[in-house]
Colleague: 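There's a structure below that I have some questions on.
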2 protein chains.
Amino acid sequence: MSVQERKERERADRERLIVATARELAEQQGWDAVTTRRLAERIEYSQPVLYSHFRGKREIIGAVALQGAAELAVTLRAATSGAPAAEGPRARVSALAHAYLDFAGRHPAVYDAMFQLDGGLPFAHEDTPQPLKDGFAALLETLAEVAGDGVDPGLFTEVFWASLHGLATLTRAGRLPRAEAARRTELLVDRLAALPADA
Amino acid sequence: MSVQERKERERADRERLIVATARELAEQQGWDAVTTRRLAERIEYSQPVLYSHFRGKREIIGAVALQGAAELAVTLRAATSGAPAAEGPRARVSALAHAYLDFAGRHPAVYDAMFQLDGGLPFAHEDTPQPLKDGFAALLETLAEVAGDGVDPGLFTEVFWASLHGLATLTRAGRLPRAEAARRTELLVDRLAALPADA
DNA sequence: ACTCGATGCTAGCACCGCTAGACAACCGAG
DNA sequence: CTCGGTTGTCTAGCGGTGCTAGCATCGAGT
């Protein structure tokens with residue numbers, strides 16, 4: 001069955017190519033520029049090929065979103081584990097927040113695919129895809145220790161995440177001046193993180 | 001020049017009709033359903049008429065956004081002034097937050113026009129339209145008193161607004177379960193509002 | 001009463017997401 | 001080695017989008 005295996009491999013390769021190309025095009029020119037025609041041309045296949053891999057444009061966005069979620073989780077864990085342990089939770093939370101906003105700023109198209117556009121992915125649901133759950137888990141790990149007494153860590157993480165999301169989207173849409181983004185982040189961390197002992 | 005005045009009046013009426021119809025259609029079926037053809041049919045004119053009032057669809061969204069911003073400002077002021085003064089700033093901020101999120105939930109299309117879609121409006125800029133400035137001012141009035149010592153009230157308001165915006169958008173997009181929305185709001189208010197004296 | 005400019009219309013452009021149906025290339029069987 | 005059938009890809013096209021050119025009609029001012 002080597003022939004069939006080869007075909008499956010090639011097919012998987014092409015699927016990765018589609019997702020990577022869609023992402024690249026979106027980062028370069030925005031999601032509006034990601035049309036099935038342009039995407040097909042870039043991968044050097046005709047449009048219907050896209051539909052043999054994905055149900056439609058929405059699913060392609062969803063695939064980019066999943067990829068992005070996995071990367072975001074890695075990025076966040078790297079940022080928090082990189083912060084000096086001696087500096088306590090405050091430093092970890094700050095590193096987490098900055099890493100999150102940095103990711104959103106660096107990969108706006110991927111961020112949009114995850115949280116702004118409709119990728120057809122189920123959130124906050126039992127059958128939420130693993131990468132999305134894992135992204136949330138990466139936040140939870142660091143934020144749980146500053147949730148405060150009697151506060152559900154999950155709920156606290158949701159609130160913190162929402163706040164970061166608000167900063168990310170409003171800043172990128174030009175609703176908030178980019179200049180003082182860092183000060184806003186610090187202010188948010190100061191207020192939201194209930195500090196057990198130190199300041 | 002009564003003739004000309006009448007024409008101008010009729011023209012202004014028709015412009016209001018366009019905006020109101022666009023808003024209505026968006027609230028009923030979402031902004032995707034607001035196409036120039038459908039909109040033209042509803043106002044009982046042909047498509048090109050729309051373009052004699054607005055540069056394009058974007059400007060129509062912008063007009064809805066401005067209308068919404070004015071309403072939001074009124075709503076927020078009503079909510080904060082309605083809160084019993086005796087209960088202190090905490091109650092006012094809570095009322096403000098709930099009013100904001102309630103507005104976003106009640107008028108999702110208008111909220112999208114303001115903060116999610118591109119209406120071509122300049123934000124955080126000197127020539128930002130008055131209704132938008134006023135909406136921000138309505139937030140600032142109540143939030144300034146809980147910004148805390150040494151914290152720029154404007155910056156604090158931006159952070160608070162961003163957090164509310166994050167909750168609003170993530171909740172409405174199904175990214176956060178709607179069930180505990182109120183608890184999230186209270187948690188946010190508890191943490192962000194620096195309370196001068198009482199609890 | 002007639003001219004002429006303003007105004008709204010029909011028709012059409014280029015593009016969108018998506019799909020039906022024709023066609024070619026390849027595989028396994030005889 | 002040839003043939004039949006399946007698998008896969010392409011061309012062409014559908015109904016929709018935002019937007020615009022150019023014509024026809026209507027009404028105001030002389």
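As the structure is a prediction and not an experimental result, all values here were calculated from the model.
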Colleague: For B:Leu39 and D:dG18, what is the distance between atoms CG and P respectively, to the nearest whole Å?
Modeller: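 After rounding, the reported distance stands at 9 Å.
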Colleague: What does the B/S/- profile of nucleotides 15-21 of chain C look like, 5' to 3', with a 4.0 Å heavy-atom cutoff to protein?
Modeller: -BBBBB-
Colleague: Who pairs with A:His98 by ring pair (Phe, Tyr, Trp, His ring centres under 6.0 Å), at least two apart in sequence or on another chain?
Modeller: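 If we apply the ring pair (Phe, Tyr, Trp, His ring centres under 6.0 Å) test to A:His98, skipping adjacent residues, there are no hits.
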Colleague: For A:Phe123, enumerate each residue passing the side chain to side chain contact (heavy atoms under 4.5 Å, CB included) test, keeping only those at least two apart in sequence or located in another chain.
Modeller: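 A:Phe123: side chain to side chain contact (heavy atoms under 4.5 Å, CB included) contacts with A:Phe115, A:Leu121, A:Leu132, B:Arg175.
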Colleague: In whole angstrom, what separates B:Glu59's CD from D:dG18's P?
Modeller: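 Rounding to the nearest Å, CD of B:Glu59 and P of D:dG18 are 15 Å apart.
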Colleague: Quick one: side chain to side chain contact (heavy atoms under 4.5 Å, CB included) partners of A:Arg106, sequence neighbours excluded?
Modeller: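 If we apply the side chain to side chain contact (heavy atoms under 4.5 Å, CB included) test to A:Arg106, skipping adjacent residues, the hits are A:Asp102.
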Colleague: Tell me, which of residues 11-22 of chain A have any heavy atom that sits under 4.0 Å from an atom in DNA chain C?
Modeller: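 Those residues whose heavy atoms fall under 4.0 Å from DNA chain C, taken from residues 11-22 of chain A, amount to none.
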Colleague: Could you check whether B:Glu59 pairs with B:Arg55 (Lys NZ or Arg NE/NH1/NH2 to Asp/Glu carboxylate O, under 4.0 Å)?
Modeller: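 A salt bridge is present here (some side-chain N lies under 4.0 Å from a carboxylate O).
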Colleague: Nearest 0.5 Å, please: how far is OG in B:Ser163 from CH2 in A:Trp161?
Modeller: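 Between A:Trp161 CH2 and B:Ser163 OG, I get 14.0 Å after rounding to 0.5 Å.
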Colleague: Within this structure, what is the CD-to-P distance between B:Glu10 and C:dT7, rounded to whole angstrom?
Modeller: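 After rounding, the reported distance stands at 11 Å.
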Colleague: Taking 4.0 angstrom as the limit, do A:Glu180 and A:Arg183 come out as a salt bridge?
Modeller: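 Counted as a salt bridge, because a side-chain N and a carboxylate O are separated by less than 4.0 Å.
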Colleague: If I take atom CG in residue B:Leu50 and atom P in nucleotide D:dT20, what distance separates them, rounded to the nearest angstrom?
Modeller: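 It works out to 12 Å between those atoms.
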Colleague: Quick one: B:Glu41 CD to D:dG16 P, roughly how many Å, whole number?
Modeller: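 Roughly 12 Å, once rounded to whole Å.
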Colleague: In whole Å, what is the span from the CZ atom of B:Phe54 to the C1' atom of D:dT20?
Modeller: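 Spelled out: CZ on B:Phe54 to C1' on D:dT20 is 18 Å.
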Colleague: Flag the pair A:Arg23 and A:Glu71 as a salt bridge only when some basic side-chain nitrogen lies within less than 4.0 angstrom of an acidic carboxylate oxygen.
Modeller: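 So A:Arg23 pairs with A:Glu71 through a salt bridge.
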Colleague: For A:Phe103, check ring pair (Phe, Tyr, Trp, His ring centres under 6.0 Å) against everything at least two apart and list the hits.
Modeller: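 So A:Phe103 forms a ring pair (Phe, Tyr, Trp, His ring centres under 6.0 Å) with A:His107.
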